[in-house]
Amino acid sequence: MRVLGLMSGTSHDGIDSAIVDWSMEGDVLTGVITHTGERPYPAELRARLLAALPPSPVTLAEVCALDTLIGQAFADAALAAGEADLVCSHGQTLYHWVSDGRVHGTLQLGQPAWIAERTGLPVVSDLRVRDVAAGGQGAPLVSYLDRLLISGLPGRAGALNLGGIANLTTAEYAYDTGPACALIDAAAPPYDRDGALGAAGTVDEKLLAELLDEPYYRLDPPKTTGKELFTPGYVTSDLPPADLVATLTALTARTVADEIGRHRLDTVIVSGGGTRNPTLMGMLAALTPARLVPSDELGIPSDAKEAIAFSLFGWLTAHGLPATVPACTGAAGPRILGTITPGSGPLRLPEPLAEAPVALRVG
């Protein structure tokens, strides 16, 4: 089954896509990647999206407009990606409702009916809320893919994604460690290209110590966070721009390295946009003895990993299989994720599978 995964993360910069042809042989799931791509949001839509993020006030009229416009943008990305049998769309997170360490709700925009109407394909969407309803954090859902990827690696292995927010998966846990690129991007919009600004600056140790005092870092997993906490206005400073970006880059490196050390990891599979920031990756490498391995070396393009994960989730849902790891999200048990919007014809799903895959090969 060819499943198109569509994903836009906490950087809010565009839509990642991946088509994977999945097949099951015994207990091994094999995925052949036939397409990966990235489609930036139109400038006007991205500006409206960023203006609607917390702590900015937003009207229901604007939420309705964004739900439609993001859905249309996802439909455009789906049309451009190529042929598939099913679409799995994450949509765009607008709000993740966290209070006292508990997630009460989560809101992803991008009306799937636009994708179904334009492609004629059935669409799996709204995947996070089922995990939340079962008492989970609704994130990081990518832990299902991560667990399969690290299961065959020697020693203590983990997987790290550096998007707007950083998340870490180990054999026991999966959770958001804190900001990855979110604060860096806010200080050097749209982002610090090649880490040049951070490399030119000097880390302000006083500000870094103040930032490390954030209570979120002391919470035990499972836990999740987002731009509801790490807003563009989270840091106010009179530092020169280069020094501020250097300090925020050090904050990401330090908080991630602390968590890698906490779990005594030997190998960490790294993906996400932050891998393209050599200043961040250099700081992180200097702070941890763990071997940092790009996910590309395991057949997963680092920029497309989350889109590939949502392609996998679509396949699992279509086959009646859960896509959550309760130990990682904190849910009461495994859950089949998402809602399904039919395509242009009758909805026909494969026969449900009795057993989930225990191993994964992707290439």
Can you confirm whether Y217 sits close enough to L211 that some side-chain heavy atom of one is under 4.5 Å from a side-chain heavy atom of the other? no
Test item: T341 side-chain N/O and A113 main-chain N/O as donor-acceptor pair under 3.5 Å: no
CG of L60: more than 12 outside heavy atoms within 6.0 angstrom? no
W114, CH2 atom: more than 12 neighbouring heavy atoms under 6.0 Å: no
Name of the residue among D146, N161, D303 meeting side chain to side chain donor-acceptor pair (under 3.5 Å) with S271: N161
Can you tell me if E172 has over 12 outside heavy atoms packed within less than 6.0 Å of its CD? yes
Check whether any side-chain heavy atom of R335 lies under 4.5 Å from a side-chain heavy atom of D131, and answer yes or no. no
Look at the aromatic rings of Y41 and F74 and report parallel, tilted or perpendicular, splitting at 30° and 60°. tilted
D258/R254 ion pair, N-O < 4.0 Å: yes
In this structure, which one of T225, T255, T177 forms a side chain to side chain contact (heavy atoms under 4.5 Å, CB included) with Y216? T225
Exceeds 12 heavy-atom contacts within 6.0 angstrom, atom CD of E117: no
Mind checking whether H263 and Y173 have parallel, tilted or perpendicular rings, split at 30° and 60°? tilted
Counting only heavy atoms not in R361, do more than 12 sit closer than 6.0 Å to its CZ atom? no
Would you call D76-R118 a salt bridge at under 4.0 Å N-O? yes
Would you say CZ of R218 has more than 12 non-hydrogen atoms from neighbouring residues, nucleotides or ligands within 6.0 angstrom? yes
Would a 4.5 Å heavy-atom cut-off, applied to side chains only, mark R147 and C328 as touching? yes
Pair D192 + R276, salt bridge at N-O below 4.0 Å: no
Would you say the side chain of S295 lies within less than 4.5 Å of the side chain of L149, judging by non-hydrogen atoms? no
Taking R2 first and then D85, would you say they form a salt bridge - that is, a charged N and a carboxylate O separated by under 4.0 Å? yes
